[in-house]
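Working notes, structure below.
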Amino acid sequence: FAYGQTGSGKTTLSKLLSQYMGFKRICIRKAYMDVLEQLHSCQLKDEIEEVLYKGGATSDDLTIRVLQRRITLADMINENLVIDGFPCTLSQANMFPVEMKPDFVFVSECDTQTNIKRCFECKEFKGLPDVINERMRELKSHLTDIIQMFNERKFEVRYFDMTKSKWYLKDLIAAILEDRKKY
């Protein structure tokens, strides 16, 4: 998992894993679209269409089912995967099947000032302070609990200062993955 606060560098981290380490990257939003393209008439397809085209609400259960389905599509079989920005809630973290335990949880971090600046630049938030504050508050409320749950489940949690250069981060990730191969 590539995990962290809004604007902390999760996507940058997952893209580094994809570009330089050969991981297949799964972004939750795109996973919805990918699964929708693959499905024919079924309940899951109807639920996804309700969310994507009719403005319905995404539930934790639906997100987990979409993610599970996305992982089983042909282009992901026998691949190293990085899931960008998952889980968003403690409920999602608890619902994720234990047998699908990640090898690593890479937590992206940056100082508050950098974090806020990145959020203002993000198209998703349209530079609106209220939207940014609400999203940051929402995720921050789950962040500590989710990381505690990762630690309790004995997931290997690694922290990355996302204000460092991409080359530094790439080398750090490569060293971590290389060290894992030894064992």
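- Atom CZ of residue Arg29 and atom OG1 of residue Thr58 lie 10.5 Å apart, to the nearest 0.5 angstrom.
- Counting heavy atoms from C-beta on, the side chains of Phe150 and Val107 never come closer than 4.5 Å.
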Practice task
Take Leu16 and Phe160 through the side chain to side chain contact (heavy atoms under 4.5 Å, CB included) test and state the conclusion after the steps.
Solution key: CA-CA 12 Å; Leu16 286 170; Phe160 292 85; over 6 Å; no
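- Environment of NZ in Lys170: crowded, with over 12 heavy atoms of neighbouring residues, nucleotides or ligands closer than 6.0 Å.
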Exercise for the section: Determine, stepwise, if the pair Leu36 / Arg69 fulfils side chain to side chain contact (heavy atoms under 4.5 Å, CB included). Expected result: CA-CA 10 Å; Leu36 186 62; Arg69 180 64 150 240; over 6 Å; no
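- A heavy-atom distance below 4.5 Å is found between the side chains of Ile64 and Phe86.
- Within 6.0 Å of OH in Tyr168 there are 12 or fewer heavy atoms belonging to other residues, nucleotides or ligands.
- Put simply, the side chain of Ile28 does not reach to within 4.5 Å of the side chain of Val66, judged on heavy atoms.
- Taken to the nearest 0.5 Å, the OG1 atom of Thr89 stands 4.0 Å off from the CD atom of Gln92.
- Judged by distance alone, with hydrogens and angles left aside, the side-chain atoms of Ser18 form a donor-acceptor pair with the main-chain N or O of Phe23 at under 3.5 Å.
- At least one side-chain heavy atom of Leu17 sits less than 4.5 Å from a side-chain heavy atom of Phe106.
- Note on Leu81: it does not cluster hydrophobically with Ile77, by side-chain heavy-atom contacts below 4.5 Å among ILVMFWY residues.
- Distance check, rounded to the nearest 0.5 Å: OG of Ser91 to CD1 of Ile146 gives 9.5 Å.
- In plain terms, the two heavy atoms of Cys110 and Ser8 that are nearest each other are SG-CA, 3.8 Å.
- One finds the CG atom of Leu67 at 11.5 Å from the CE atom of Met95 (value rounded to the nearest 0.5 Å).
- Annotation: the span from Ile173 atom CD1 to Phe104 atom CZ amounts to 10.5 Å, rounded to 0.5 Å.
- Asn80 has its side chain out of reach of Met21: every pair of non-hydrogen atoms, C-beta onward, lies at least 4.5 Å apart.
- Aromatic ring centres of Phe155 and Tyr3: separated by at least 6.0 Å.
- The shortest side-chain heavy-atom distance between Arg65 and Leu62 falls under the 4.5 Å cut-off.
- Within the structure, salt bridge (charged side-chain N to carboxylate O under 4.0 Å, His left out) contacts touching residues 101-113 (residues at least two apart or in different chains) are Asp103-Arg180.
- Side chain of Lys54 to main chain of Glu49: no donor-acceptor pair is present (N/O by atom type, distance under 3.5 Å, no hydrogens or angles).
- Sequence neighbours left out, the pairs with a member in residues 73-97 that pass salt bridge (charged side-chain N to carboxylate O under 4.0 Å, His left out) are Arg25-Asp84, Arg70-Asp75.
- Using a 4.5 Å heavy-atom threshold, the side chains of Ile48 and Tyr53 count as separate.
- Within a 6.0 Å radius of NZ in Lys15, no more than 12 heavy atoms belonging to other residues, nucleotides or ligands are found.
- Distance check, rounded to the nearest 0.5 Å: CZ of Arg158 to OG of Ser108 gives 15.5 Å.
- Of all heavy-atom pairs spanning Gln68 and Pro97, the tightest one is NE2-CG, 2.9 Å.
- Put simply, the side chain of Ile71 does not reach to within 4.5 Å of the side chain of Lys24, judged on heavy atoms.
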